Amino acid sequence: MKSRIPVILLACGSFNPTTNMHMRLFELARDHLHQTVLPELKLLCGADFLQTFKIPNLWKEEDIKEIVEKFGLVCISRAGSDPSQYIQESDLLTKFQHNIFLVKEWIQNEISATQIRSALCRGQSVKYLIPDSVIAYIAHHNIYTEESERKNEGDFLQPLKLHNTTINPLSD
């Protein structure tokens, strides 16, 4: 049996709620990296995530450069997204495209966290779309219901607070 090289994948995105497709990203990336490169640390993302690099004021160019130059990306395909085009439209991504690994997902699964939140708010079942433990957590904490949406309307997410210290993940 071929020995496996440890892989560290850092994922980003809302994962809100975590779907089976989110978990599938890790499997695809791990398999691809074990077959192709000697990984250290890579940022794992869906193809649609690359589009966020060109949203004004969302990313600092120096942060994008540091991610793709120092660490690299493993980008999983998604229907309706063309990561090759996003790379070609960005001078910075084109410069470091050797460090961006595009992985084709052959089994399309268009589970959308946005649609799952909507179904939950309507009281519809999401069984087999997200893990049972996630469904249990959502039910236990009464999130994504019509009542919780109404209660939280207008609220914005705040930076993570740990031991009464505010952490700004974009500047740390």
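This one's a predicted model, so the numbers in the text were calculated from it and none came from an experiment.
Closest approach of N99 and K42 over heavy atoms only: OD1-NZ, 3.5 Å. Minimum heavy-atom separation, L28 to V103: O-CG1, 4.1 Å. Residue A47 comes nearest to S77 through the heavy atom pair CB-CA, 4.1 Å, listed as atom of the first residue, atom of the second, then distance. For the residue pair L93 and Y86, the shortest heavy atom distance occurs at CD1-O, 4.0 Å.
Distance check: E62 CD to L92 CG gives 10.5 Å after rounding to the nearest 0.5 Å. Atom CD of Q51 and atom CG of L58 lie 12.0 Å apart (nearest 0.5 Å). The distance from the CG atom of L43 to the CZ atom of F71 is 10.0 Å, given to the nearest 0.5 Å.
Using a 4.5 Å cut-off on side-chain heavy atoms (C-beta onward), R122 and E146 make no contact. Between I138 and I130, the closest side-chain pair of non-hydrogen atoms falls below 4.5 Å. When side chains are defined from C-beta on, V134 does not count as touching D132, because their heavy atoms never get closer than 4.5 Å. Between V126 and I135 there is a side-chain heavy-atom pair separated by less than 4.5 Å. For the pair Q115/L129, no side-chain contact is recorded, criterion being any heavy-atom separation below 4.5 Å from C-beta on.
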Next on the checklist: Run I64 and W59 through side-chain contact (heavy atoms from CB on, under 4.5 Å) and show every step you take.
Outcome noted: CA-CA 7 Å; I64 298 170; W59 290 92; 3.6 Å; yes

Checklist entry - Given Q88 and Q97, is the side-chain contact (heavy atoms from CB on, under 4.5 Å) satisfied, shown in steps? => result CA-CA 9 Å; Q88 296 311 311; Q97 66 185 338; 3.1 Å; yes

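Residue N142 places its CG atom among more than 12 non-hydrogen atoms of other residues, nucleotides or ligands, all under 6.0 Å distant. Within a 6.0 Å radius of NE2 in H140, no more than 12 heavy atoms belonging to other residues, nucleotides or ligands are found. Around atom CD of Q124, more than 12 heavy atoms belonging to other residues, nucleotides or ligands sit under 6.0 Å away. For E89, the CD atom is densely surrounded, since the number of other residues' heavy atoms within 6.0 Å is greater than 12. Atom CD of E61 has 12 or fewer neighbouring heavy atoms from other residues, nucleotides or ligands inside a 6.0 Å radius.
Residues L102 and W106 fall into different hydrophobic clusters, defined by Ile, Leu, Val, Met, Phe, Trp and Tyr side chains chained together at heavy-atom separations under 4.5 Å. In the hydrophobic clustering of ILVMFWY residues, with side-chain heavy atoms under 4.5 Å counting as a link, I55 and L50 come out together.
Aromatic ring orientation, F53 versus F49: perpendicular (interplanar angle above 60°, classes split at 30° and 60°).
D48 places no side-chain N or O within 3.5 Å of a backbone atom of S81 that could act as its donor or acceptor partner. Looking at T145, its side chain never comes within 3.5 Å of a backbone N or O of C121 through a donor-acceptor pair.
Between E147 and K151 there is no salt bridge, since no side-chain nitrogen of the basic residue lies less than 4.0 Å from a carboxylate oxygen of the acidic one. A salt bridge between R24 and E105 is present, with a side-chain N of the basic residue lying under 4.0 Å from a carboxylate O of the acidic one.
For T114 and R117, the side-chain atoms include at least one donor-acceptor pair closer than 3.5 Å.
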